[in-house]
Amino acid sequence: MSDHGSEDGSNGSCGVAAAFEDLFLSTDVVEEFLRELVLSAATAVGGQVSTAITLELCGRPVTRASSDERAAEYDEVQYAYNEGPSLTAMRARMVILIEDVARDERFSQYRPRALALGLRSSLSWPLDGGDRCVGVLSLYSPRAHAFGPDELADAQRFADEAYRALSMTLRLVHNIEITEELRTALTSRTAVNEATGVTMYEHRCDAEVALALLRAASRDRKLSLDLVASEIVIGASGTPPLDGFRFRV
């Protein structure tokens, strides 16, 4: 597996949500599925075709599966020069067909190195469901004009299958993120509610005044409101606030 900086110079850093997605996309189950898919695609198209699937993880292209070493090498050349049919297909969200690498004038840095490795034609199909592009299915051949209408239909079929599986994985990740955010919100809310009750009892005040006192303490101590609330609850009862997740959200 290889990964490299993105076209816009990203250093590969990403937010928590993106990192969570990348973790799921890097699991053995997903990788094994993609491996089986590229092998099936290579067999279906035939003609010494090599296949690979590239995903973008934290802004970097990464070859998650390849049918053989040749496909991985062709990907590597694109990553090294930050140009090539697969990267363009993924970034522009369009199918890129090179019928003869020796005659095609695109990708001036990529072409001579790809030719030296024996590549003569390629087909790059984005894994794009309309709302987002998660990667690209690449087919490489040592023969010029290797991809006709039948091969294009096969590529689309396998690309659609890969996209459906990956989008299901990403939806699962999204649902997990929502559940985690809701659990955090409920836990924080429970802590503030309990601390408000403690403050009302200690200061003989109503809920509005108690909450104002908690917010003032939060500002003065430069701590989050839920942390101040948790400290008050622990100080009064000796136990932390109730975990909001026990409400089975």
Side-chain angles (χ1 to χ4, degrees), residues 1-10 12 25 31 34-128 133-163 166:
M1 181 189 74
S2 302
D3 63 87
H4 299 264
S6 64
E7 188 174 42
D8 60 4
S10 168
L25 293 177
E31 194 158 335
L34 295 178
R35 169 71 172 164
E36 291 297 325
L37 189 141
V38 295
L39 290 174
S40 297
T43 300
V45 176
Q48 295 182 297
V49 165
S50 302
T51 58
I53 284 183
T54 297
L55 303 181
E56 189 172 54
L57 305 180
C58 281
R60 295 181 175 186
V62 179
T63 302
R64 293 307 310 166
S66 60
S67 62
D68 53 41
E69 287 299 319
R70 290 194 304 274
E73 286 180 339
Y74 300 143
D75 280 355
E76 284 285 344
V77 174
Q78 296 181 69
Y79 303 156
Y81 293 111
N82 197 29
E83 71 165 28
S86 299
L87 295 182
T88 299
M90 183 167 59
R91 292 165 178 167
R93 301 172 69 170
M94 61 187 294
V95 175
I96 302 295
L97 172 63
I98 298 181
E99 295 186 300
D100 188 345
V101 176
R103 295 179 178 275
D104 196 297
E105 296 183 353
R106 290 172 291 180
F107 315 119
S108 59
Q109 296 182 87
Y110 164 77
R111 278 181 58 240
R113 181 57 182 155
L115 280 169
L117 291 172
L119 181 65
R120 288 302 303 273
S121 62
S122 68
L123 174 63
S124 303
W125 204 289
L127 307 181
D128 188 354
C133 181
V134 297
V136 60
L137 170 66
S138 303
L139 294 86
Y140 303 105
S141 175
R143 297 185 299 108
H145 305 283
F147 303 106
D150 291 342
E151 289 75 21
L152 265 67
D154 284 335
Q156 182 175 14
R157 177 164 58 89
F158 283 105
D160 288 346
E161 185 176 344
Y163 177 79
L166 292 171

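None of the values given here were measured: they were computed from a predicted structure.
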Short side-chain to backbone donor-acceptor contact, [X] and [Y], under 3.5 Å:
| X | Y | value |
| --- | --- | --- |
| S67 | V38 | no |
| E83 | S108 | yes |
| S66 | A52 | no |

Supply the atom-to-atom distance [X] [atom1] to [Y] [atom2], rounded to the nearest 0.5 angstrom.
| X | Y | atom1 | atom2 | answer |
| --- | --- | --- | --- | --- |
| S122 | L97 | OG | CG | 7.5 Å |
| E161 | L137 | CD | CG | 10.5 Å |
| S141 | E99 | OG | CD | 12.0 Å |
| R93 | D128 | CZ | CG | 4.0 Å |

- request: Apply side-chain contact (heavy atoms from CB on, under 4.5 Å) to Q48 and list each qualifying residue two or more places apart in sequence or on a separate chain.
  value: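 In terms of side-chain contact (heavy atoms from CB on, under 4.5 Å), with neighbours along the sequence ignored, Q48 is linked to P142.
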D68: salt bridge (Lys or Arg N to Asp or Glu O under 4.0 Å) partners, not counting sequence neighbours: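 D68: salt bridge (Lys or Arg N to Asp or Glu O under 4.0 Å) contacts with R70.
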message: Test of understanding: with salt bridge (Lys or Arg N to Asp or Glu O under 4.0 Å), list the residues that count as partners of R143, not counting sequence neighbours.
response: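 None.
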Does some side-chain heavy atom of [Y] sit less than 4.5 Å from a side-chain heavy atom of [X]?
| X | Y | value |
| --- | --- | --- |
| L119 | I98 | no |
| P85 | Q78 | yes |
| P126 | V95 | yes |
| L87 | Y79 | yes |

For a quick test of reading the model, state the closest non-hydrogen atom pair linking [X] to [Y] and the distance between them.
| X | Y | answer |
| --- | --- | --- |
| I53 | A162 | CD1-CB, 4.1 Å |
| L123 | A155 | CD2-CB, 3.5 Å |
| A89 | V136 | CB-CG2, 3.8 Å |
| M90 | L55 | SD-C, 4.4 Å |
| S86 | D75 | OG-OD1, 4.2 Å |

Pairs touching residues 133-159 that satisfy ring pair (Phe, Tyr, Trp, His ring centres under 6.0 Å), sequence neighbours left out: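 Residue pairs passing ring pair (Phe, Tyr, Trp, His ring centres under 6.0 Å), neighbours aside: Y74-Y140.
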query: Mind checking what makes ring-ring contact (aromatic ring centres under 6.0 Å, His included) contact with Y110, not counting sequence neighbours?
result: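 Y110 satisfies ring-ring contact (aromatic ring centres under 6.0 Å, His included) with no residue once adjacent residues are dropped.
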Of all pairs that satisfy salt bridge (Lys or Arg N to Asp or Glu O under 4.0 Å), the ones with a partner from residues 106-121, not counting sequence neighbours: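 Checked against salt bridge (Lys or Arg N to Asp or Glu O under 4.0 Å) - neighbours excluded - the pairs reaching residues 106-121 are D100-R120, D104-R106.
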field: Pairs meeting criterion salt bridge (Lys or Arg N to Asp or Glu O under 4.0 Å) with involvement of residues 144-155, two or more places apart
entry: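 Applying salt bridge (Lys or Arg N to Asp or Glu O under 4.0 Å) to every pair that reaches into residues 144-155, excluding sequence neighbours, yields D154-R157.
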Pairs involving residues 36-47, ordered by first then second residue, that meet side-chain hydrogen bond (donor to acceptor under 3.5 Å, both in side chains) (sequence neighbours left out):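 Applying side-chain hydrogen bond (donor to acceptor under 3.5 Å, both in side chains) to every pair that reaches into residues 36-47, excluding sequence neighbours, yields nothing.
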